[in-house]
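Hydrogens, waters and symmetry mates play no part in the numbers below; they use all other heavy atoms, side chains included. Order of the sequence lines sets the chain letters (A, B, ...), proteins ahead of strands, with each chain counted from 1.
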Number of protein chains: 2
Amino acid sequence: MLSNACKYAIRSILYLAIHSDDSKKIGVKKIAEELESPQPFLAKLLQQLSKKNLVSSVKGPSGGFYLSKSNLENSVWNTIECIDGTDKFTKCFMGLSSCGDENPCPVHFTVAPFKQKILHDFKDRTIRDFAEEIKLKGRRISLKDFEVT
Amino acid sequence: MLSNACKYAIRSILYLAIHSDDSKKIGVKKIAEELESPQPFLAKLLQQLSKKNLVSSVKGPSGGFYLSKSNLENSVWNTIECIDGTDKFTKCFMGLSSCGDENPCPVHFTVAPFKQKILHDFKDRTIRDFAEEIKLKGRRISLKDFEVT
DNA sequence: ACAAAAAAAGACAATTATATCTGTTTATAT
DNA sequence: ATATAAACAGATATAATTGTCTTTTTTTGT
Ligand code: FES
Ligand code: FES
C-alpha cells in the first residue's frame, strides 16, 4: 500500500521515538542496521523528513538523528504526506477522479469505511501515542524483532 | 493501492460484464475509449486476463472480448491475483515479513480488520454480483459516467 | 587550531511500472 | 477464396521508484 520509502520512514521515526532523545542521537548507519533497510536510501529519506521538521538532527561527531518533544507530537499522516503524498488514501480505489458517497465506484462502499478508520488513526494518534503502545504492548518495527528496552 | 494496470483490468471486466455477452463482443478500442485508458496497454492486460480465462475473446472481424457465463462467476480477487499479485493484501502494511495478531507491527490492529473485510468482499462476491449492483444502483466505472443502459 | 565524525547535497545506476509500436495470426463476412 | 478486422505476440520507449556513490559542510572532541 505504502511505498518502501514511506515504510522505511515511518519505521525510522518510530524507532527514534523509542530509542532516541535530544541527549541520545542515533546515526543513519545504526538505524539502517536495526531496521534492515538500505543505508544510503534511508539517509535520503531522513533528510526529507528533517526538512519538514519531522525528525531532528545534528551534524558532527556524536551527532545523529533524534525526535524532539515537538517531533513526537506529529502524526504518521505527516510522514506519509512528506514521503508518498496522500492520494492513495483520499482518492478513489479504482482510479476514478473523485471519491464520495454520491457517485461511488463499484467498490466504494466496501472500501470507504475502512479508509475513514485508517485516516482517523493515522491523523489523530501522535508518534508519541504509537511509541507508548509499542513500549507497552511490544510491537515489532524490525524484522529482527529487536528488544524494546 | 492497486496498480494502474489492475484498476484498468477490473474496470474492463466490469464493463464487459455489463455491456457484453457471447453474442455481443467488444473490441479493445471501444473499451479503452469508454474507460479512458491507454489502448495498447489495455490490450496487453486483456491478453493476460484471457490466458487465465478471466475474459473470453474471439479473433477476426466482429470479434472482440466478452465475458462467458463462467467468466462471470470469477471474483475480482482472481483479477488482482492475475495482474498485481496479492501480496499487498496479505503481507504486513509496514513491510515486515509476516502479518498476524501474534507479532503485530504498530499499525497492524488499525489495518487488519479492514484487510479482512476487503479480502472477503473481493473473494466472495462474483463479477456477476458486482454487475448486478452496478446495474441496480448505478455505480460509476468510468470517468465519463457513461450510461448503464 | 585540527582531525574526525556525522549529516547534507547531488550525481549516478538499476529496476520496475507504464505505455507504445510493429508485425503476425486467426476468424469472419463478402 | 480473399480481404479485412480483430486478437495476439514481441520489441521498444518513457517515467517513476529504488538504491548507490562521491563530495561538501558542519560540528564536536582533542
Ligand atoms: S468512489 Fe471509488 S473508492 Fe470511493
Ligand atoms: S503485522 Fe503489520 S500489518 Fe499485520
Open item on the list: List the residues meeting salt bridge (charged side-chain N to carboxylate O under 4.0 Å, His left out) with K137(B), not counting sequence neighbours, and say none if there are none.
Closed with: none
Task: salt bridge (charged side-chain N to carboxylate O under 4.0 Å, His left out) involving D129(A) - partner list, sequence neighbours excluded - done: none
TODO: Hey, could you give me each pair passing salt bridge (charged side-chain N to carboxylate O under 4.0 Å, His left out) that has a residue in residues 42-51 of chain A? Not counting sequence neighbours.
DONE: none
Open item on the list: Using whole Å, what does the distance between atom P of nucleotide dA19(C) and atom CD of E36(B) come to?
Closed with: 14 Å
- [ ] Starting from P on dC8(D), measure out to CD on Q47(B) and report it in whole angstrom.
- [x] 6 Å
Open item on the list: Measure NZ/K29(A) against P/dA4(C) and give the value in whole Å, please.
Closed with: 16 Å
TODO: Keeping to residues at least two apart or across chains, list the salt bridge (charged side-chain N to carboxylate O under 4.0 Å, His left out) pairs with something in residues 12-28 of chain A.
DONE: none
Task: Annotated protein contacts, base or backbone, on nucleotides 11-19 of chain D with a non-hydrogen cut-off under 4.0 Å, one of B, S, - each - done: B------SB
Open item on the list: Holding to salt bridge (charged side-chain N to carboxylate O under 4.0 Å, His left out), I want the full list of residues that pass it with K30(B), two or more places apart in sequence or in another chain.
Closed with: E34(B)
Task: Pair listing, salt bridge (charged side-chain N to carboxylate O under 4.0 Å, His left out) test, anchored in residues 74-88 of chain A, at least two apart - done: D84(A)-K88(A), D87(A)-K91(A)
Task: Residue pairs, two or more places apart or on separate chains, that pass ring pair (Phe, Tyr, Trp, His ring centres under 6.0 Å) and touch residues 57-90 of chain A - done: W77(A)-F89(A)
Task: Gap between atom CE of M94(A) and atom CZ of R11(B) - 0.5 Å precision - done: 6.5 Å
- [ ] Rounded off to whole Å, could you give me the CD1-to-C1' distance for the I31(B) and dA7(D) pair?
- [x] 11 Å
Task: Spacing between I83(B) atom CD1 and dT16(C) atom P, to the nearest angstrom - done: 18 Å
- [ ] Calculate the interatomic distance between Q39(B) atom CD and dT18(C) atom C1'; express it in whole Å.
- [x] 15 Å
TODO: Kindly write out the residues that satisfy salt bridge (charged side-chain N to carboxylate O under 4.0 Å, His left out) with K29(A), not counting sequence neighbours, or none if the list is empty.
DONE: none
TODO: Considering just the side-chain nitrogens and oxygens of S50(B), establish if one lies under 4.0 Å of OP1 or OP2 belonging to dA7(D).
DONE: no
TODO: Measure up the F122(A) and F93(B) rings against each other and bin them: parallel (under 30°), tilted (30 to 60°), perpendicular (over 60°).
DONE: tilted
Nucleotide N/O of nucleotides 12-15 of chain C paired with protein N/O under 3.5 Å:
none

Task: salt bridge (charged side-chain N to carboxylate O under 4.0 Å, His left out) pairs, two or more places apart, involving residues 68-80 of chain A - done: E73(A)-R128(A)
TODO: Assign a letter to each nucleotide of nucleotides 24-30 of chain D from its 5' end: B, base within under 4.0 Å of a protein heavy atom; S, sugar-phosphate only; -, no contact.
DONE: -BBBB--
- [ ] Using a heavy-atom cut-off of under 4.0 Å over every strand shown, decide if K30(B) touches base, sugar-phosphate, or nothing.
- [x] nothing
- [ ] Send over the distance from L42(B) CG to dC8(D) C1', rounded to a whole Å.
- [x] 15 Å
Task: Spacing of L49(A) atom CG relative to dA7(C) atom P, expressed in whole Å - done: 14 Å
